[in-house]
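What follows is a single structure, written as structure tokens, with notes after it.
No experiment lies behind these values; they were computed from the predicted model shown. Here is the naming used below: chain letters follow the sequence lines, and residue numbers restart at 1 for every chain.
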There are 2 protein chains.
Amino acid sequence: MGDQVSLAVSTVIFALRPHPRTHRPVLWLPLVRRIRAPHQGRWALPGGPLASDEGLAASAARNLRETTRLTPQYLEQLYAFGGLDRASTADERTVSVIYWALVRPEEADAGEAGVNVQWFVADELPELAFDHSLIVEYALWRLRNKVEYSRIAAAFLGETFTLAELRAVHEAVLQRTLDPANFRRQMETAGRLVATEAFRTGGRHRPARLYRHDQSIHLADNGPLTGL
Amino acid sequence: MGDQVSLAVSTVIFALRPHPRTHRPVLWLPLVRRIRAPHQGRWALPGGPLASDEGLAASAARNLRETTRLTPQYLEQLYAFGGLDRASTADERTVSVIYWALVRPEEADAGEAGVNVQWFVADELPELAFDHSLIVEYALWRLRNKVEYSRIAAAFLGETFTLAELRAVHEAVLQRTLDPANFRRQMETAGRLVATEAFRTGGRHRPARLYRHDQSIHLADNGPLTGL
DNA sequence: AAAATAGTGTCTGTTAGACAATATGCG
DNA sequence: CGCATATTGTCTAACAGACACTATTTT
């Protein structure tokens, strides 16, 4: 005994914020500084051991709330990592179930929650603890993939939004500009948007119509349980 | 104490075999009859507790070998299930990491390995133990999805194969007929096939060219580790 | 020659992308 | 009015699917 496998849950939390230099919206994520060995002092994904009385997703959501004071708009399981090579200085063996989440930073924003928590631009991360650099890379790949065929981008926006706002989210995630005309048609063809009668005014230009997402369509597959 | 979470690994194993009535190739999978409570007597996915000295995928492969005497041609993680509602009569809490695998039944075939192991047609399963019916449904969905954009179908075939053979695999997985002309062009366009100089003779018709898969292309993403 | 599958050609409808043109509120 | 973005229109290349047609081997 003593060689029991322990189970942890960690989460890659994405939010959209302006880049400090370019001021264009980019992906950020919060990391936690490790205060004990192994990898003491390095930045790591927020997470912790799975409590015996909570589900995997619930554990991820709780940890997210404790780390950032935010509520996830979207939460999906990413992968379970359990290789023997993970814990570099290990008597103990840990399997980590990783989730990824999208949040709206507006809500509690710069509260900067915990003292050992700091937000980083997702594409400019330091070397992380354990295999967390690899995990973040994979989560980014999944997000960039999924934004193209699901209504996941909604998680970064409010109840209603203009097509330009929605397009800005896609552009930030995909890191390339999109043709406004073609983007509009793709969204219309996809049939996930519902036009409202309201318009966004205030710019020095023609007001844009506000849309909302069709609530009758599930946001995405949160695993085999909810989605199809 | 005593409320520790235990970790198990189970695998959905797919093979192609003729349907007992129609004789057309369909998906089969092996199940194990439970010999103890809970769900005693019901059929369940092969699996077992994770040994502390083996990785998750290694555990799945070992269990697959012990259950079917077969070597997986393809193995990928499906999902980690850890809801509190899983174990129906539980003092204990179990999180299951599920893998899915493709095997070639020709190899050891009707050995029918263990005495409590039986193969079933994937679309004609009885009610399974725990949430395993849901899990199989999800695995089928993943397989049917993936066959359309990866070279996963290769796992059901030998080193070389005709386009008709490859098409038969796709048809069996997708459960619909495919146009031979269009299928050929799609495979050629995808660029994953390499034509050999050999032909398959023996039918009462024109011989068909044999192809092989481009080895330089990874089979698929076995998680973030191998694939991209 | 007849059968049967291998393999090619052609047509149509849909879609992604590039880019031109028009619409309209705001300063 | 003129700017800036919203919104619509048009054209082309690529692709999927339906289906006709030709090629080649076995019996």
Side-chain angles (χ1 to χ4, degrees), chain A residues 18 23-25 144-153 157-158 160-213, chain B residues 18 22-25 144-151 153 157-158 160-213:
Chain A
H23 302 293
R24 303 165 61 84
R144 285 176 174 143
N145 233 295
K146 202 142 192 173
V147 81
E148 302 206 80
Y149 66 85
S150 83
R151 46 169 258 211
I152 210 181
L157 297 169
T160 61
F161 46 85
T162 68
L163 281 169
E165 290 164 354
L166 182 61
R167 178 165 51 86
V169 172
H170 282 246
E171 288 179 340
V173 170
L174 298 176
Q175 294 182 300
R176 62 190 175 92
T177 60
L178 299 172
D179 183 285
N182 296 332
F183 181 80
R184 166 182 300 271
R185 262 184 297 259
Q186 282 170 21
M187 291 301 110
E188 285 169 345
T189 304
R192 292 189 294 258
L193 293 183
V194 178
T196 71
E197 289 311 310
F199 289 80
R200 174 92 71 215
T201 58
R204 56 174 59 176
H205 53 78
R206 175 176 172 179
R209 183 180 292 275
L210 289 171
Y211 292 79
R212 72 173 70 254
H213 272 288
Chain B
T22 69
H23 303 293
R24 304 165 63 83
R144 286 176 173 142
N145 235 294
K146 203 144 192 171
V147 82
E148 302 206 79
Y149 66 85
S150 83
R151 46 169 258 211
L157 297 169
T160 61
F161 45 84
T162 68
L163 281 170
E165 289 165 354
L166 182 61
R167 178 165 50 86
V169 172
H170 281 246
E171 289 181 341
V173 171
L174 298 176
Q175 294 182 301
R176 61 190 176 93
T177 60
L178 300 172
D179 183 285
N182 297 331
F183 182 79
R184 168 182 299 271
R185 263 184 296 258
Q186 282 172 21
M187 291 301 110
E188 284 168 347
T189 305
R192 293 188 293 258
L193 292 183
V194 179
T196 72
E197 289 310 309
F199 290 79
R200 174 93 73 215
T201 58
R204 55 175 57 177
H205 52 78
R206 174 176 173 179
R209 183 181 292 277
L210 288 171
Y211 291 80
R212 74 173 69 255
H213 272 288

Short of 4.0 Å, heavy atom to strand atom, which residues of residues 196-206 of chain A count as contacting DNA chain D? A/Arg204, A/His205, A/Arg206
In residues 164-183 of chain B, which ones come under 4.0 Å of DNA chain D, going by heavy atoms?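 Within residues 164-183 of chain B, the residues near DNA chain D are B/Asp179, B/Ala181, B/Asn182.
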Using the rule given for side-chain contact (heavy atoms from CB on, under 4.5 Å), can you reason through A/Glu197 versus A/Arg209, listing the C-alpha separation, both sets of side-chain angles and the distance that settles it, and then say yes or no? CA-CA 7 Å; A/Glu197 289 311 310; A/Arg209 183 180 292 275; 3.8 Å; yes
Whole-Å distance separating the [atom1] atom of [X] from the [atom2] atom of [N]:
X: B/Tyr211; N: C/dA6; atom1: OH; atom2: P; result: 11 Å
X: B/Met187; N: C/dA6; atom1: CE; atom2: P; result: 15 Å
X: A/Leu193; N: D/dT7; atom1: CG; atom2: P; result: 12 Å
X: A/Glu148; N: C/dA16; atom1: CD; atom2: P; result: 11 Å

How far does [atom1] of [X] sit from [atom2] of [Y], to the nearest 0.5 angstrom?
X: B/Arg212; Y: B/Thr196; atom1: CZ; atom2: OG1; result: 6.5 Å
X: A/Met187; Y: A/Leu163; atom1: CE; atom2: CG; result: 8.5 Å
X: A/Arg167; Y: A/Thr162; atom1: CZ; atom2: OG1; result: 8.5 Å
X: A/Arg184; Y: A/Tyr211; atom1: CZ; atom2: OH; result: 5.0 Å
X: B/Leu166; Y: B/Thr160; atom1: CG; atom2: OG1; result: 12.0 Å

Indicate the ring-plane relationship of A/His170 and A/Phe183, choosing parallel, tilted or perpendicular according to the 30° and 60° boundaries.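 Perpendicular, since the angle between the ring planes exceeds 60°.
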Could you report the tightest heavy-atom contact between A/Pro25 and A/Ala172, atom names first, then the distance? O-CB, 3.2 Å
How close do B/Arg176 and B/Leu178 get, heavy atom to heavy atom, and via which atoms?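 Heavy atoms only, the tightest pair is NH1-CD2, 3.6 Å.
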Side-chain donor/acceptor of B/Arg185 to base of D/dG17, under 3.5 Å: no
Determine, step by step, whether A/His213 and A/Leu193 satisfy the side-chain contact (heavy atoms from CB on, under 4.5 Å) criterion, reporting the C-alpha distance in whole Å, the side-chain angles of both residues, the deciding distance to 0.1 Å, and the verdict. CA-CA 5 Å; A/His213 272 288; A/Leu193 293 183; 3.6 Å; yes
Polar-atom pairs under 3.5 Å, protein N or O versus N or O of nucleotides 13-15 of chain C: list them with distances, or write none.
none

Examine distances only and state if a side-chain atom of A/Arg144 and a backbone atom of A/Val173 form a donor-acceptor pair shorter than 3.5 Å.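 At least one qualifying donor-acceptor pair exists.
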